[in-house]
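All chains are named by letter (A, B, ...) in the order of the sequence lines, taking the proteins before the strands, and each is independently numbered beginning at 1. Only heavy atoms go into these numbers, but all of them, side chains included; no hydrogens, no water, no symmetry mates.
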There are 2 protein chains.
Amino acid sequence: MTSPDQTLLDATTAARLFKALGDPIRVELVGLVRRTEGQEACFCDLADQFDMPQSSLSHHLKILVRAGVLSRERRGTWSWYRIDNAAIDTLAAVLAPGGPLRDASACCG
Amino acid sequence: MTSPDQTLLDATTAARLFKALGDPIRVELVGLVRRTEGQEACFCDLADQFDMPQSSLSHHLKILVRAGVLSRERRGTWSWYRIDNAAIDTLAAVLAPGGPLRDASACCG
DNA sequence: CACTTGGATTGACAAATGTCGATACAGGCG
DNA sequence: CGCCTGTATCGACATTTGTCAATCCAAGTG
């Protein structure tokens, strides 16, 4: 009748991360960072891959950082982005067989 | 400079699914269906778990169905929802170590 | 200090989203 | 057929989101 208590907290966390990835550009961004040496990429490298204004890209990156999917580090003139693996792990766990959203009798047995 | 070609399609698909899960209520909904016997639940059961108007719940379920996360089947008077495991698998694969968003040298070695 | 460059922030605006009450529709049942 | 019950859809509204141009700030260079 009332909204679920304990699980709602996890659902909120998961939803926040899912939401951050709920845009093709942001999925691409995370994928690009992941494919970069050391899972770290600077803004300038990312900007080369997208045909869009610099401000838009910065905006999407900010959303990913705010959600905890990426972290930003300013090194001299350039901004470097890297993946927060804990966040990805959280989502992977949610979707894994036996996790909150996936029955244990999944693909793998 | 131009937007990535091949991967963009996958990113769009993934983003569509992520977006559908980008709300705590919808995460809860999928979790509830998952925990139900046979991964199938009727609207009435789900409605008991949430303190919100029936129309809102129906709206969220529609979003999940439209995105392909759930499927709806009308059986007599009641609507039954079940998880589309292919969709969950798609996202799990995206987040898995070695997947598009996760470095291979992840948690598991 | 003046200038340039990388990148973040702001402002404006259209479009999408979440929420709710009201209404419509579909399937039993009298 | 008329009525109830379960669920979907509609209409209105406030909030959020994505996009772009413009501006601002920080760091390096002359």
- Should L17(A) and T90(A) count as side-chain neighbours, where that means a heavy-atom distance under 4.5 Å?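 Result yes, sub-4.5 Å side-chain heavy-atom pair found.
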- Query: Hey, does L57(B) have a side-chain heavy atom less than 4.5 Å from the side chain of L29(B)?
  - Reply: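 In contact.
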Keeping the roles fixed (side chain from [X], backbone from [Y]), state whether a donor-acceptor pair exists under 3.5 Å.
| X | Y | result |
| --- | --- | --- |
| R34(A) | G99(B) | yes |
| R102(B) | L95(B) | no |
| R72(B) | S79(B) | no |

- Task: Name the nucleic acid region contacted by S58(A), choosing base, sugar-phosphate or nothing; use a 4.0 angstrom heavy-atom cut-off, strictly under.
- Result: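 The answer is base, as S58(A) lies within the cut-off (heavy atoms under 4.0 Å) of a base atom.
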- Query: Could you walk me through whether V33(A) and L46(A) pass the side chain to side chain contact (heavy atoms under 4.5 Å, CB included) check?
  - Reply: CA-CA 8 Å; V33(A) 174; L46(A) 298 172; 4.1 Å; yes
- Starting at the 5' end of nucleotides 12-24 of chain D, put B wherever the base has a protein heavy atom under 4.0 Å, S where only the sugar-phosphate does, and a dash everywhere else. -----SBBBBB--
- Message: Using a strict heavy-atom distance below 4.0 Å, which residues from residues 70-78 of chain B are in contact with DNA chain D?
- Response: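 By residue number: R72(B), T77(B), W78(B).
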- Task: Using chain A heavy atoms and a threshold of under 4.0 Å, write down where along DNA chain C the contacts begin and end, 5' to 3'.
- Result: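 That gives a stretch of dG6(C) to dT9(C).
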- Between K19(B) and R26(B), which heavy-atom pair has the shortest distance, and what is it?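 Taking K19(B) first and R26(B) second, the nearest heavy atoms are O-NH2, 3.5 Å.
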- Query: What heavy-atom pair brings R16(A) and R66(A) nearest, and what distance separates the two atoms?
  - Reply: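 What the structure gives for the nearest pair is NH1-O, 4.4 Å.
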- Item | Point-to-point distance, once rounded to the nearest 0.5 Å, from CD of Q49(B) to CD of E28(B) |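 It comes to 9.0 Å.
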- Nearest 0.5 Å, what's the CG-CG distance between D84(A) and L64(A)?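 Reported to 0.5 Å precision, the distance equals 11.5 Å.
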- Message: Can you tell me if K62(B) touches the phosphate of dT9(D), counting only side-chain N or O atoms and a distance under 4.0 Å to OP1 or OP2?
- Response: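 Result: yes.
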- Verify the contact: side-chain N or O of Y81(B) to OP1 or OP2 of dA8(D), cut-off strictly under 4.0 Å; return yes or no.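 Yes, because at least one side-chain N or O of Y81(B) sits under 4.0 Å from OP1 or OP2 of dA8(D).
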